[in-house]
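One structure is given below, encoded as structure tokens.
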Amino acid sequence: QMQLVESGGGLVQAGGSLTLSCAANTASGRAFSTYTMGWFRRAPGKEREFVAGISGNGRNPYYRDNMKDRFTISRDNAKNTLYLRIDSLKPEDTAVYYCGAKNFWGRNSDSTEYLVWGQGTQVTVSS
């Protein structure tokens with residue numbers, strides 16, 4: 001089973017930028033590039049929501065409708081790592097950010113399709 005570990009969260013001032021990383025341990029043998037990856041977040045008192053996803057080859061990023069301008073998802077398959085850059089951070093971006101992996105391609109943002117999850121990384125944006 002693949003394991004995912006997020007990093008890069010922290011306390012940031014509004015207007016700043018942050019890049020989150022998600023390192024994949026694919027000791028099971030299946031290549032990282034065969035997984036569609038996604039970022040989700042859970043704000044205090046709210047349900048987990050989809051942020052962005054990307055195909056295995058990295059050529060097809062897709063975003064939640066209201067997140068296309070400030071969020072950029074990317075991946076480096078040679079490093080088995082997924083990234084999420086967030087620009088112009090707002091206090092409402094404060095949340096725990098999770099990466100997830102699913103073993104088929106599709107732009108569906110349904111979290112139940114994701115088989116593997118990381119433990120999350122906290123992002124706190126101060127005003």
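The structure displayed is predicted, hence computed values, not measured ones. Position 1 is the first residue of the sequence, and the numbers go up from there.
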Does [X] reach the main-chain N or O of [Y] with its side chain, forming a donor-acceptor pair under 3.5 Å?
X    : Y    : answer
T121 : E6   : no
R30  : N103 : yes
R85  : T72  : no

Is the shortest side-chain heavy-atom distance between [X] and [Y] below 4.5 Å?
X   : Y    : result
N57 : W105 : no
D87 : S17  : yes
L89 : Q13  : no
T36 : E113 : no
V51 : R64  : no
C22 : W39  : yes

### Task
Could you tell me which residues satisfy salt bridge (Lys or Arg N to Asp or Glu O under 4.0 Å) with R42, sequence neighbours excluded, listed by chain and number?
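Partners of R42 under the salt bridge (Lys or Arg N to Asp or Glu O under 4.0 Å) test: none.
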
Please say yes or no: joined through hydrophobic side-chain contacts below 4.5 Å, possibly via intermediate residues, are [X] and [Y] part of one cluster?
X    : Y   : answer
Y97  : Y83 : no
I73  : V96 : no
L115 : Y35 : yes
V125 : L84 : yes
F71  : M37 : yes

### Message
Using the ring-ring contact (aromatic ring centres under 6.0 Å, His included) criterion, which residues pair with Y98? Sequence neighbours excluded.
### Response
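Per chain and number, Y98 pairs via ring-ring contact (aromatic ring centres under 6.0 Å, His included) with no residue.
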
#### Entry: Non-neighbouring partners of F50 that pass ring-ring contact (aromatic ring centres under 6.0 Å, His included), sequence neighbours left out
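F50 satisfies ring-ring contact (aromatic ring centres under 6.0 Å, His included) with F40, Y62 only.
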
So, taking the atom named [atom1] in [X] and the one named [atom2] in [Y], what distance separates them when rounded to the nearest 0.5 Å?
X    : Y   : atom1 : atom2 : result
C99  : I54 : SG    : CD1   : 13.0 Å
L82  : S74 : CG    : OG    : 7.0 Å
R70  : D93 : CZ    : CG    : 4.0 Å
Q122 : T94 : CD    : OG1   : 7.0 Å
W117 : R48 : CH2   : CZ    : 4.0 Å
T26  : L4  : OG1   : CG    : 10.0 Å

### Message
Going by side chain to side chain contact (heavy atoms under 4.5 Å, CB included), name the residues that satisfy it together with V5, two or more places apart in sequence or in a different chain.
### Response
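V5: side chain to side chain contact (heavy atoms under 4.5 Å, CB included) contacts with Q119.
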
### Task
Scan for disulfide bond (SG atoms under 2.5 Å apart) pairs involving residues 33-84, sequence neighbours excluded, and state none if there are none.
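For residues 33-84: none.
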
How close do [X] and [Y] get, heavy atom to heavy atom, and via which atoms?
X    : Y    : result
A24  : M2   : CB-SD, 3.8 Å
S21  : T81  : CB-CG2, 4.2 Å
N108 : K102 : O-NZ, 3.3 Å

#### Entry: Distance under 6.0 Å and angle within 45° of ring axis: R75 vs F32
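Judged by the rule (NZ or CZ under 6.0 Å from the ring centre, within 45° of its axis), R75 counts as positioned above F32.
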
### Query
salt bridge (charged side-chain N to carboxylate O under 4.0 Å, His left out) with R41: which of E47, E92, E49?
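When E47, E92, E49 are each tested with R41, the salt bridge (charged side-chain N to carboxylate O under 4.0 Å, His left out) holds only for E49.
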
### Flag if over 12 foreign heavy atoms under 6.0 Å of CD, Q3
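Result for CD/Q3: open.
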
### Task
With sequence neighbours left out, write down each residue that passes side chain to side chain donor-acceptor pair (under 3.5 Å) with S127, or none if nothing qualifies.
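Side chain to side chain donor-acceptor pair (under 3.5 Å) list for S127, sorted by chain: empty.
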
